[in-house]
Undergrad: 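Mind looking over this structure? Questions follow.
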Amino acid sequence: MKPSRLLPLLLALLKFVSSMLLASPAYELHRDEYLYLNYGQHLAWGYLEVPPLTALQSWLTLALGGGWFWVKFWPVLWGSLTVYVVARAAQRLGGGSWAVALAGLCYLVGAYARLNFLFQPNSFEVLAFTAVCYLLIRYQQDARPRWWLGIGALLGLALLNKYSALFFIAALGLAVLLTPLRRALATRDFWLGATLALLLWLPNLLWQLQHGIPFRHHMELLHDTQLVNVSAADFWQDQLLMNLPGLWVWAAGLVALLVGSLRPYRAVGLVFCGGLLLLTLLHGKNYYTLGYYPILLAAGAVWWEQRWAERPKAARILRPALLLLPLLLALPVLPLLFTLEPPARMQALGPRYQSTGAFRWEDGRNHTLPQDFADMLGWRELADKTWAAYQTLPAATRAHTLVLAANYGQAGAINYYNRHRSMPVAHSFNGSYLFWQNQMPAQPWLYVLLIDDEPDNLTAHFRSFCRVGEVRNPYARERGTAILLGTGPDSALVQRIGQERRQGLAEWGEF
């Protein structure tokens, strides 16, 4: 192994081990993780929420048993590879071991600690964006055709992973046009890379067209229910908070790329500027930007190393101390970066962090726990109580039971924790579950297990209807969610269920 590869590999290993070991057992999987895991049982070229790359990881996870380790394996793997790419980028920009270690440590103690712990498309997105910027640097150092092919492959996979890659591509295109890289537009290599990206994305693009472009409705829902609560001031406050331990590094890196010693690679800095501008104007969520920062950590670490090279005496004393600075800056917010503290302790710490916005949910209000933490509680309780209710039904008629949940988190959790039990899968009219109704039990339904808040005007549609359980975890976002059992649903209710599904599909553009 080349000595230059050893330190980046050690940083990647540290990332993998720390992510797996620093999680409190008090927390379960996240709401979104249950949805994405269900993708693995419904492989397709697209879904209402995201493209298909996550589904492939879900399929492999379930094939390996679906345990906690394998669910977390993918985001932790992508995060570890990102650390490696950041470290290699620092080396390519002229940095030595100190710069490599600084860039890697800043990544390890930034918001990526939390991001790379959740089985969501975001971790691969950060890796893809960082690797594209790394290959831009390689291309400017050694204009080989393979770098554009690599960029095309990464962008194609990024588009198969998450549609926000379109914003990154727009920022990248602007950066190419505004720098000498625009000369590459006249080369065959550039267009081969662009063609490769399009070919990789093409199956999902065709899926979107065949299903009425549901991406548009997804963006409308995000805007109306979540992004409307994102102000520019809150957005930028969150940027500083998420990257606080490495602020002095990535900010220096941005300046160095745009007007300083690393200006030959200013296209990378312009990608950051263009991406952040787009997301600010479009009221993007705070974490949408995280793929733009890692390469700046590499550039900033190199810049600081260059400055200390001019002051060798001071460097011998201060450089080791500065390696500890990201850790010291991260210490006050470690409970926000890792799920270290159980819910009761996090609630007690709440007043300390209220002003940071970390406890602000998508509704724009502060709560007792960060939203991600509250979304990792109460799911096993819900699944077990649904199973217990199902077990009370006569064995001979259980197969004629419809389990219907109000949202994808509830349906996904019930299916995940009951995956080895003999129980009908849970359905929902929320998100991609609209497409998965072919697994509904055959009619007539004798029983309906409804997972929801107490609904109105349903009692009259059943011979009997009662609450048989609810989520009682005081810290769960799903606290109070009821498990309701209805016996003998009438034909009007059956028609209503079918109508709600058709309306849901129509809203997404699927008729």
Undergrad: With distance as the sole criterion, is a donor-acceptor pair present between the side chains of Ser164 and Glu125 under 3.5 Å?
TA: yes
Undergrad: Determine whether the aromatic ring centres of Trp98 and Trp304 lie less than 6.0 Å apart.
TA: no
Undergrad: Taking atom types as modelled, find out whether Trp74 and Thr61 have a side-chain donor-acceptor pair closer than 3.5 angstrom.
TA: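 Side-chain D/A pair, Trp74 to Thr61: present.
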Undergrad: I need the single residue from Tyr36, Phe435, Trp436 that forms a ring pair (Phe, Tyr, Trp, His ring centres under 6.0 Å) with His42. Which is it?
TA: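 The single option meeting the ring pair (Phe, Tyr, Trp, His ring centres under 6.0 Å) with His42 is Trp436.
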Undergrad: Any side-chain to backbone donor/acceptor pair from Arg419 onto Gly65? Under 3.5 Å, distance only.
TA: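 Confirmed, Arg419 side chain pairs with Gly65 backbone.
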Undergrad: Could you check Leu157, Leu206, Leu159, Leu155 and say which one makes a side chain to side chain contact (heavy atoms under 4.5 Å, CB included) with Trp201?
TA: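 Testing each of Leu157, Leu206, Leu159, Leu155 against Trp201, the sole residue satisfying side chain to side chain contact (heavy atoms under 4.5 Å, CB included) is Leu159.
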Undergrad: What I want to check is whether the side chains of Asn407 and Asn430 have a donor and an acceptor closer together than 3.5 Å.
TA: no
Undergrad: Applying salt bridge (charged side-chain N to carboxylate O under 4.0 Å, His left out) to Arg360 and Asp238, what does each step give before you reach the verdict?
TA: CA-CA 11 Å; Arg360 187 176 60 248; Asp238 291 342; 3.3 Å; yes
Undergrad: Measure from the side-chain N and O atoms of Ser123 to the backbone N and O of Leu115, and report whether any donor-acceptor pair falls under 3.5 Å.
TA: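 Answer holds: yes.
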Undergrad: Show your reasoning for whether side-chain contact (heavy atoms from CB on, under 4.5 Å) applies to Val132 and Ile295.
TA: CA-CA 10 Å; Val132 166; Ile295 203 70; over 6 Å; no
Undergrad: Counting only heavy atoms not in Trp308 (residues, nucleotides, ligands), do more than 12 fall under 6.0 Å from its CH2?
TA: yes
Undergrad: Taking side chain as C-beta onward, heavy atoms only, is Pro343 less than 4.5 Å from Leu377?
TA: yes
Undergrad: Enter the distance from Leu160:CG to Leu56:CG here, rounded to the nearest 0.5 Å.
TA: 10.0 Å
Undergrad: OH/Tyr353 to CG/Leu369 distance, rounded to the nearest 0.5 angstrom?
TA: 13.0 Å
Undergrad: Please report the interatomic distance CG(Leu318) to CG(Leu325), rounded to the nearest 0.5 Å.
TA: 11.0 Å
Undergrad: Does either side chain, that of Gln237 or that of Asp234, offer a donor lying less than 3.5 Å from an acceptor on the other one?
TA: no
Undergrad: Could you check whether any side-chain heavy atom of His30 comes within less than 4.5 Å of a side-chain heavy atom of Phe119, counting everything from C-beta outward?
TA: no
Undergrad: Output yes when a side-chain donor or acceptor of Lys162 lies under 3.5 Å from a complementary backbone atom of Pro121, and no otherwise.
TA: no
Undergrad: Considering only heavy atoms from C-beta outward, does the side chain of Leu11 approach that of Tyr84 to under 4.5 Å?
TA: no
Undergrad: Taking atom types as modelled and ignoring hydrogens, do the side chains of Asn116 and Ser19 form a donor-acceptor contact shorter than 3.5 angstrom?
TA: no
Undergrad: Please report the shortest heavy-atom distance between Leu7 and Ser97, naming the atom on each side.
TA: CD2-O, 3.5 Å
Undergrad: Kindly indicate whether the side chain of Leu192, heavy atoms from C-beta on, has any atom under 4.5 Å from the side chain of Pro145.
TA: no
Undergrad: Report yes if some heavy atom in the side chain of Leu202 is under 4.5 Å from a heavy atom in the side chain of Trp207; otherwise report no.
TA: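 Result no, sub-4.5 Å side-chain heavy-atom pair not found.
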Undergrad: Does CZ belonging to Arg182 count more than 12 external heavy atoms closer than 6.0 Å?
TA: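 More than 12 heavy atoms, drawn from other residues, nucleotides or ligands, come within 6.0 Å of this atom.
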Undergrad: Give a yes-or-no answer on whether the side chains of Gln140 and Trp147 include a donor-acceptor pair shorter than 3.5 Å.
TA: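 Absent: no donor and acceptor within the cut-off.
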Undergrad: For Val259 and Arg263, which heavy atoms make the closest approach, and how far apart are they?
TA: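 For Val259 versus Arg263, the nearest heavy atoms are CA-CD, 4.1 Å.
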Undergrad: Tell me the closest heavy-atom pair linking Asn161 and Pro51, and the distance in Å.
TA: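 What the structure gives for the nearest pair is O-CD, 3.4 Å.
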Undergrad: Is there a donor in the side chain of Gln371 and an acceptor in the side chain of Glu362, or the other way round, less than 3.5 Å apart?
TA: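 A pair is found: one side chain offers a donor N or O, the other an acceptor, under 3.5 Å apart.
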Undergrad: Rounded to the nearest 0.5 Å, what separates atom OG in Ser58 from atom CG in Asn38?
TA: 8.5 Å
Undergrad: Of Tyr293, Tyr112, Trp250, which meets ring pair (Phe, Tyr, Trp, His ring centres under 6.0 Å) against Tyr107?
TA: Tyr112
Undergrad: Give, for atom CG of Leu282 and atom OH of Tyr288, the distance between the pair rounded to the nearest 0.5 Å.
TA: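 Output value for this atom pair is 10.5 Å.
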Undergrad: Which heavy atom in Pro370 sits nearest to a heavy atom in Arg114, and how many Å separate them?
TA: CB-NH2, 3.6 Å
Undergrad: Do Tyr408 and Glu49 meet the criterion of a side-chain donor-acceptor pair at a distance under 3.5 Å?
TA: no
Undergrad: Looking at Leu154 and Ala128, what are the two nearest heavy atoms and their distance?
TA: O-CB, 4.3 Å
Undergrad: Do Tyr39 side-chain atoms and Ser432 backbone N/O form a donor-acceptor pair below 3.5 Å?
TA: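 No, the answer is negative, given that no donor and acceptor are paired below the 3.5 Å cut-off.
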Undergrad: Side-chain contact test, heavy atoms from C-beta onward, threshold under 4.5 Å: evaluate it for Phe235 versus Thr289 and give yes or no.
TA: yes
Undergrad: Is the shortest distance from a Lys or Arg side-chain nitrogen in Asp189 or Arg146 to a carboxylate oxygen in the other one below 4.0 Å?
TA: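 No.
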Undergrad: Mind running side-chain contact (heavy atoms from CB on, under 4.5 Å) on Val268 and Tyr134 for me, showing each step along the way?
TA: CA-CA 9 Å; Val268 173; Tyr134 171 75; over 6 Å; no
Undergrad: Could you pull out the closest heavy-atom pair between Val249 and Ala301, with the gap in Å?
TA: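 Looks like CG1-N, 3.5 Å.
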Undergrad: Quick one, Leu322 with Arg319, criterion side-chain contact (heavy atoms from CB on, under 4.5 Å). Give me CA distance, side-chain angles, the key distance, then yes/no.
TA: CA-CA 5 Å; Leu322 285 175; Arg319 287 208 316 179; 5.5 Å; no
Undergrad: Look at the side chain of Glu341 and the backbone N and O of Met346, then say whether any donor-acceptor pair between them is shorter than 3.5 Å.
TA: no
Undergrad: Would a 4.5 Å heavy-atom cut-off, applied to side chains only, mark Pro214 and Gln208 as touching?
TA: yes
Undergrad: Evaluate the side-chain proximity of Leu276 to Gln239: yes if any heavy-atom separation is below 4.5 Å, no if none is.
TA: yes
Undergrad: Carefully, step by step, assess Glu33 and Tyr416 under the rule side-chain hydrogen bond (donor to acceptor under 3.5 Å, both in side chains).
TA: CA-CA 10 Å; Glu33 291 177 303; Tyr416 176 75; over 6 Å; no
Undergrad: Nearest 0.5 Å, what's the CZ-CG distance between Arg144 and Leu135?
TA: 12.5 Å
Undergrad: Does the side-chain contact (heavy atoms from CB on, under 4.5 Å) test come out yes or no for Trp148 and Arg188, once each step is laid out?
TA: CA-CA 10 Å; Trp148 283 118; Arg188 184 185 67 170; over 6 Å; no
Undergrad: Looking at Tyr163, Tyr47, Trp45, which hits side chain to side chain donor-acceptor pair (under 3.5 Å) with Asn204?
TA: Tyr163
